[in-house]
Enquirer: 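Once you've had a glance at the structure underneath, I'll fire off some questions.
Given the structure is predicted, the values throughout are model-derived calculations rather than measurements.
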Amino acid sequence: MNKNKYNMLNVLIVDDEPLATEIIQGFADSLPSLHVVGVCNDAMDALEIIKNEPIDLIFLDIQMPQLTGVELIRSLKNPPMVIFTTAYPNYAVEGFELDAVDYLLKPISKDRFIRAVQKAEEMAELRQSENHHAANFIFVKADKKMIKLKYDDILYVEGLKDYVIIRTTEGRVITLHTMKGLEEKLPQDKFIRIHRSFIVGISKVQAVVGNMIEIMQSNQRKQLPIGKSYREKISRMVNENKL
């Protein structure tokens, strides 16, 4: 089968089980949208490939010697899309906290593999769309779909244990995400971290009252705490008229 390289995702397969890599590569080779760039049996080799090759999608085992799949993704500043593959279902939540496209439980069926790839293709299209336009929005996963949120509609983000609540002018969106990951995705000229549990839309700030940020929510004044380690930065931004 001839593959059109201009519409393909460059794929890396990482698993310490040779049979697993063989199965995944066989599935990938049968799909015209995937181009397997490399196959390796440990995360350290994967790091070298990621450093030297443009990788769009990783099929990544979680339990591996030396460096786990989760540790590998956390070590990357701008990780590719990832589909976790594992025999252990208890790792699912941790995988989705890292914005995994999907989570495949071994033994992997081809039907389930194809559905995961389709999710990756949809996410790649969304990212491409964002890159081709002056992005004034972000997509987040919630309620089994990708929800588009305009930056101007986001009031603040509140971090909880395993997910975040994004408060908007229309209501709220709950998504499995880390505060750090979301902070990196949101533009720094529009949003600011004020607390380990809060990110605020700069244009939504009405006042700074002591160690609190005041915004308007549903026509009412809402106060959010400024964390101790963020106070100096907030004070500087106030003095420079940047908040």
Enquirer: From K119 NZ over to L57 CG, what is the distance, rounded to the nearest 0.5 angstrom?
Expert: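 The NZ atom of K119 sits 13.0 Å away from the CG atom of L57.
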
Enquirer: List the steps and the verdict of side chain to side chain contact (heavy atoms under 4.5 Å, CB included) for S33 and V117.
Expert: CA-CA 9 Å; S33 61; V117 170; 4.0 Å; yes

Enquirer: Enumerate the salt bridge (charged side-chain N to carboxylate O under 4.0 Å, His left out) contacts for residues 18-27, please, sequence neighbours excluded, ordered by first and then second residue.
Expert: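 Checked against salt bridge (charged side-chain N to carboxylate O under 4.0 Å, His left out) - neighbours excluded - no pair reaches residues 18-27.
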
Enquirer: I'd like to check M146 versus E122 (side-chain heavy atoms, cut-off strictly below 4.5 Å). Are they in contact?
Expert: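 No, every pair of side-chain atoms sits at 4.5 Å or beyond.
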
Enquirer: Run the side chain to side chain contact (heavy atoms under 4.5 Å, CB included) check on I165 and L160 step by step: do they pass?
Expert: CA-CA 8 Å; I165 299 175; L160 299 175; 3.7 Å; yes

Enquirer: Please report the closest heavy-atom contact between P80 and I58, naming both atoms and the distance.
Expert: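 Nearest pair, atom of P80 first, then I58: CG-CD1, 4.0 Å.
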
Enquirer: In Å and rounded to the nearest 0.5 Å, what is the CG to CD1 distance from L60 to I83?
Expert: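 With rounding to 0.5 Å, CG (L60) is 10.5 Å from CD1 (I83).
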
Enquirer: Just verifying a value: how many Å separate I62 CD1 and T86 OG1, rounded to the nearest 0.5 Å?
Expert: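 Spacing of CD1 (I62) from OG1 (T86) equals 5.0 Å.
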
Enquirer: Indicate yes or no for a side-chain donor-acceptor contact from T168 to the backbone of E170 under 3.5 Å, with no hydrogens or angles considered.
Expert: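 Yes, because the side chain of T168 sits within donor-acceptor range (under 3.5 Å) of the backbone of E170.
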
Enquirer: Give the table of side-chain donor-acceptor pairs shorter than 3.5 Å for residues 37-50, with sequence neighbours excluded, one pair per line with atom names and distance.
Expert:
{"residue": "N41", "atom": "ND2", "partner": "D15", "partner atom": "O", "Å": "3.0"}
{"residue": "D42", "atom": "OD1", "partner": "M44", "partner atom": "N", "Å": "3.0"}
{"residue": "D42", "atom": "OD1", "partner": "D45", "partner atom": "N", "Å": "2.9"}
{"residue": "E48", "atom": "OE2", "partner": "K51", "partner atom": "NZ", "Å": "3.3"}

Enquirer: Step by step, work out the side chain to side chain contact (heavy atoms under 4.5 Å, CB included) result for L72 and T68.
Expert: CA-CA 6 Å; L72 169 62; T68 69; over 6 Å; no

Enquirer: Considering all heavy atoms of both residues, which atom of L176 and which atom of Y163 are nearest to each other, and what is their separation?
Expert: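 The answer is CA-CB, 4.0 Å.
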
Enquirer: Listed by chain and number, what are the side-chain hydrogen bond (donor to acceptor under 3.5 Å, both in side chains) partners of E184, not counting sequence neighbours?
Expert: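 Result, side-chain hydrogen bond (donor to acceptor under 3.5 Å, both in side chains) vs E184: K180.
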
Enquirer: Using the ring pair (Phe, Tyr, Trp, His ring centres under 6.0 Å) rule, collect all pairs that involve residues 36-82, keeping only residues at least two apart or in two chains.
Expert: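 Sorted pair list: F59-F113.
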
Enquirer: Please name the pair of heavy atoms, one in Y151 and one in P187, separated by the smallest distance, quoted to 0.1 Å.
Expert: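 Closest heavy-atom pair between Y151 and P187: CZ-CD, 3.4 Å.
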
Enquirer: Could you give all pairs that pass the salt bridge (charged side-chain N to carboxylate O under 4.0 Å, His left out) test and reach residues 221-234, with sequence neighbours left out?
Expert: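 For residues 221-234: E214-R221.
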
Enquirer: Check side-chain hydrogen bond (donor to acceptor under 3.5 Å, both in side chains) between Q25 and all other residues, then give those that pass, not counting sequence neighbours.
Expert: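 Residues passing side-chain hydrogen bond (donor to acceptor under 3.5 Å, both in side chains) with Q25: none at all.
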
Enquirer: Check side chain to side chain contact (heavy atoms under 4.5 Å, CB included) between D16 and all other residues, then give those that pass, not counting sequence neighbours.
Expert: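 Only D61, M64, P65 meet the side chain to side chain contact (heavy atoms under 4.5 Å, CB included) criterion with D16.
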
Enquirer: Would you say the side chain of I55 lies within less than 4.5 Å of the side chain of V11, judging by non-hydrogen atoms?
Expert: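 A side-chain contact is absent here, since even the closest heavy-atom pair is not under 4.5 Å.
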
Enquirer: Report yes or no: is the cationic atom of K148 (NZ for Lys, CZ for Arg) closer than 6.0 Å to the six-membered ring centre of F137, at no more than 45° off its axis?
Expert: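 Geometry flag: set, cation within 6.0 Å and 45°.
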
Enquirer: List the atom of A116, the atom of V101, and the distance in Å for their closest heavy-atom pair.
Expert: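 So the minimum-distance heavy-atom pair works out to O-CG1, 4.0 Å.
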
Enquirer: Calculate, to the nearest 0.5 Å, the distance between atoms CG and OG1 belonging to L104 and T85 respectively.
Expert: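 Output value for this atom pair is 7.0 Å.
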
Enquirer: Mind checking who shares a hydrophobic cluster with I194, ILVMFWY linked at side-chain heavy-atom distances under 4.5 Å?
Expert: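 Besides I194, the cluster holds L155, Y156, I192, F198, V200, I202, V205, V208, I213, I215, L224, I226, Y230, I234, M237, V238, L243.
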
Enquirer: Return the CD to CD distance between Q217 and Q206, rounded to the nearest 0.5 Å.
Expert: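 Those atoms lie 12.0 Å apart.
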
Enquirer: Less than 4.5 Å apart, side chain to side chain, heavy atoms only: is that true for L9 and M81?
Expert: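 Sidechains of M81 and L9: in contact.
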
Enquirer: Which residues pass the side chain to side chain contact (heavy atoms under 4.5 Å, CB included) test with S197, sequence neighbours left out?
Expert: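 If we apply the side chain to side chain contact (heavy atoms under 4.5 Å, CB included) test to S197, skipping adjacent residues, the hits are H195.
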
Enquirer: With sequence neighbours excluded, what pairs up with R172 under the side-chain hydrogen bond (donor to acceptor under 3.5 Å, both in side chains) test?
Expert: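 In terms of side-chain hydrogen bond (donor to acceptor under 3.5 Å, both in side chains), with neighbours along the sequence ignored, R172 is linked to no residue.
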
Enquirer: Any pair with a residue in residues 192-202 that passes salt bridge (charged side-chain N to carboxylate O under 4.0 Å, His left out), sequence neighbours left out, goes on the list, sorted by first then second residue, please.
Expert: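 Qualifying pairs: E183-R193.
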
Enquirer: Taking side-chain hydrogen bond (donor to acceptor under 3.5 Å, both in side chains) as the test, write out the residues that go with K110, two or more places apart.
Expert: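 With neighbours one apart ignored, the set is S30.
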
Enquirer: Check whether I154 and M216 end up in the same hydrophobic cluster, where Ile, Leu, Val, Met, Phe, Trp and Tyr are linked by side-chain heavy atoms less than 4.5 Å apart.
Expert: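 No, I154 and M216 fall in different hydrophobic clusters.
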
Enquirer: With heavy-atom distances below 4.5 Å as the criterion, would you say the side chains of L186 and L182 are in contact?
Expert: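 Yes, close enough: below the 4.5 Å cut-off.
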
Enquirer: I would like to know whether K106 and I23 meet side chain to side chain contact (heavy atoms under 4.5 Å, CB included); could you show each step before the answer?
Expert: CA-CA 11 Å; K106 299 175 183 178; I23 291 171; over 6 Å; no

Enquirer: Can you tell if the side chain of K190 reaches within under 4.5 Å of the side chain of S203, non-hydrogen atoms only?
Expert: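 Counting from C-beta outward, K190 and S203 never come under 4.5 Å.
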
Enquirer: Under 4.0 Å between a side-chain nitrogen and a carboxylate oxygen: does that hold for R115 and D102?
Expert: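 Answer for the salt bridge query: no.
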
Enquirer: Taking all heavy atoms of A100 and all of F84, pick out the closest pair and write down the distance.
Expert: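 Heavy atoms of A100 and F84 come nearest at CB-CD1, 3.7 Å.
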
Enquirer: Starting at CG of D153, measure out to NZ of K204 and round the result to the nearest 0.5 Å.
Expert: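 Interatomic distance, D153 CG to K204 NZ, rounded to 0.5 Å: 7.0 Å.
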
Enquirer: Spell out, as yes or no, whether a donor-acceptor pair under 3.5 Å connects the side chain of K141 to the backbone of I147.
Expert: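 No.
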
